[in-house]
Amino acid sequence: MRLSLGFPSLDAEKQLILNPSQRRQVPEAISSADELVEIQKVIEKVKISPVVVDYILKLVSKTRNHPTLRSGLSPRASISLANAAKSWAFMDSRDFVTPDDVRLIAPFVCAHRLGMSKSEFSTAVLEQVAIGV
């Protein structure tokens, strides 16, 4: 998955240059490693229906047969997309994935794998594949 945090303000960047010791500060942990493992276990149990899996496979297949792409998404990408959609559903307090979860998270998981921007991926792939639920 690819996310962008953007750039700091010029004043903040100036402080980074002028005060190198600030760059070495370790942020306080908000959860322990054990807590993260427990969250991962809960996310693994989020349900993803065959219909939603079929939608993921339609998206992946579209990239593999796209006339302007040199190569399509791999099986590893489809697994990552399913896992990211499960994580999104979990963060939305649900124990199941919807096609809309897949549609929402797909540009963040898939676009960079194809050398595309998120908007290019949406136009070339998402808008061309019906959800079909």
Side-chain angles (χ1 to χ4, degrees):
M1 183 179 306
R2 182 177 186 178
L3 301 174
S4 174
L5 300 177
F7 294 104
S9 69
L10 293 179
D11 287 337
E13 192 167 356
K14 182 177 184 178
Q15 291 307 310
L16 289 171
I17 295 168
L18 293 173
N19 301 308
S21 63
Q22 287 182 342
R23 295 189 307 249
R24 293 183 194 90
Q25 293 177 348
V26 178
E28 183 179 330
I30 59 171
S31 25
S32 70
D34 290 338
E35 289 171 320
L36 290 176
V37 168
E38 288 305 311
I39 290 170
Q40 288 174 330
K41 288 178 182 177
V42 172
I43 290 171
E44 283 179 12
K45 294 178 183 174
V46 171
K47 297 172 201 74
I48 185 164
S49 72
V51 170
V52 175
V53 171
D54 287 344
Y55 178 57
I56 290 171
L57 294 175
K58 285 181 196 175
L59 291 172
V60 169
S61 179
K62 182 70 174 175
T63 68
R64 294 174 185 166
N65 299 305
H66 198 279
T68 63
L69 295 175
R70 288 183 41 210
S71 63
L73 293 170
S74 69
R76 203 172 77 198
S78 59
I79 292 166
S80 293
L81 181 53
N83 288 336
K86 289 170 84 171
S87 298
W88 185 262
F90 169 78
M91 290 187 295
D92 199 35
S93 302
R94 286 182 282 108
D95 67 349
F96 61 93
V97 177
T98 68
D100 286 334
D101 295 328
V102 173
R103 193 170 188 80
L104 181 77
I105 205 76
F108 297 94
V109 175
C110 302
H112 71 283
R113 295 172 188 260
L114 300 168
M116 304 172 105
S117 70
K118 291 184 288 295
S119 64
E120 289 170 331
F121 178 81
S122 294
T123 301
V125 181
L126 286 179
E127 292 176 9
Q128 305 304 314
V129 179
I131 291 177
V133 176

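Along the sequence shown, residues are numbered consecutively beginning with 1. Source: prediction; values computed, not measured.
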Requested in this report: Name all residues meeting the side-chain hydrogen bond (donor to acceptor under 3.5 Å, both in side chains) criterion together with Asp34; count only those two or more places apart in sequence or in a different chain, and write none if there are none.
Outcome: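 Once residues adjacent in sequence are excluded, Asp34 has no partner under the side-chain hydrogen bond (donor to acceptor under 3.5 Å, both in side chains) criterion.
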Query - Contacts of Thr68 that satisfy side-chain hydrogen bond (donor to acceptor under 3.5 Å, both in side chains) - sequence neighbours left out - result: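 For Thr68, the residues satisfying side-chain hydrogen bond (donor to acceptor under 3.5 Å, both in side chains) (neighbours in sequence not counted) are His66.
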Requested in this report: Sorted by first residue and then second, give each salt bridge (charged side-chain N to carboxylate O under 4.0 Å, His left out) pair with at least one member in residues 46-57; sequence neighbours left out.
Outcome: Lys47-Asp95
**Report entry** All pairs passing salt bridge (charged side-chain N to carboxylate O under 4.0 Å, His left out) where residues 98-113 contributes a residue, at least two apart
**Finding:**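 Of all non-adjacent pairs touching residues 98-113, those that pass salt bridge (charged side-chain N to carboxylate O under 4.0 Å, His left out) are Arg94-Asp101.
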Please determine whether residues [X] and [Y] belong to a single hydrophobic cluster, defined as Ile, Leu, Val, Met, Phe, Trp and Tyr linked transitively by side-chain heavy-atom distances below 4.5 Å.
{"X": "Met91", "Y": "Phe96", "answer": "no"}
{"X": "Phe121", "Y": "Ile79", "answer": "no"}
{"X": "Ile43", "Y": "Leu36", "answer": "no"}

Requested in this report: Kindly indicate, with the supporting measurements, whether the criterion side chain to side chain contact (heavy atoms under 4.5 Å, CB included) is fulfilled by Leu59 and Leu126.
Outcome: CA-CA 7 Å; Leu59 291 172; Leu126 286 179; 3.7 Å; yes
Query raised in the report: Is any NZ, NE, NH1 or NH2 atom of the basic residue among Lys41 and Glu38 found under 4.0 Å from an Asp or Glu carboxylate oxygen of the other?
Result: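 A salt bridge is present here (some side-chain N lies under 4.0 Å from a carboxylate O).
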Would a distance-only check, ignoring hydrogens and angles, find a side-chain to backbone donor-acceptor pair under 3.5 Å from [X] to [Y]?
{"X": "Lys118", "Y": "Phe108", "value": "no"}
{"X": "Asn65", "Y": "Ser61", "value": "yes"}
{"X": "Thr63", "Y": "Val60", "value": "yes"}

Query raised in the report: Going through the distances and angles, do Ile56 and Ile48 end up as a side chain to side chain contact (heavy atoms under 4.5 Å, CB included)?
Result: CA-CA 11 Å; Ile56 290 171; Ile48 185 164; 3.9 Å; yes
Requested in this report: Could you list the residues that satisfy side chain to side chain contact (heavy atoms under 4.5 Å, CB included) with Ser119, not counting sequence neighbours?
Outcome: Ser117
Query - Residues that Glu13 engages under side chain to side chain contact (heavy atoms under 4.5 Å, CB included), provided they are two or more places apart - result: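 Residues passing side chain to side chain contact (heavy atoms under 4.5 Å, CB included) with Glu13: Pro8, Leu10.
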Rounded at 0.5 Å granularity, tell me how far [atom1] in [X] sits from [atom2] in [Y].
{"X": "Lys86", "Y": "Ile105", "atom1": "NZ", "atom2": "CD1", "result": "14.5 Å"}
{"X": "Glu120", "Y": "Leu114", "atom1": "CD", "atom2": "CG", "result": "10.5 Å"}
{"X": "Ser78", "Y": "Leu57", "atom1": "OG", "atom2": "CG", "result": "6.0 Å"}
{"X": "Arg64", "Y": "Ser74", "atom1": "CZ", "atom2": "OG", "result": "7.0 Å"}
{"X": "Glu44", "Y": "Asn83", "atom1": "CD", "atom2": "CG", "result": "8.0 Å"}

**Report entry** Exercise: identify the closest heavy-atom pair between Val109 and Ala84
**Finding:** CG2-CB, 3.6 Å
**Report entry** Considering all heavy atoms, the nearest Ile131-Lys58 contact
**Finding:**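 For Ile131 versus Lys58, the nearest heavy atoms are O-NZ, 4.1 Å.
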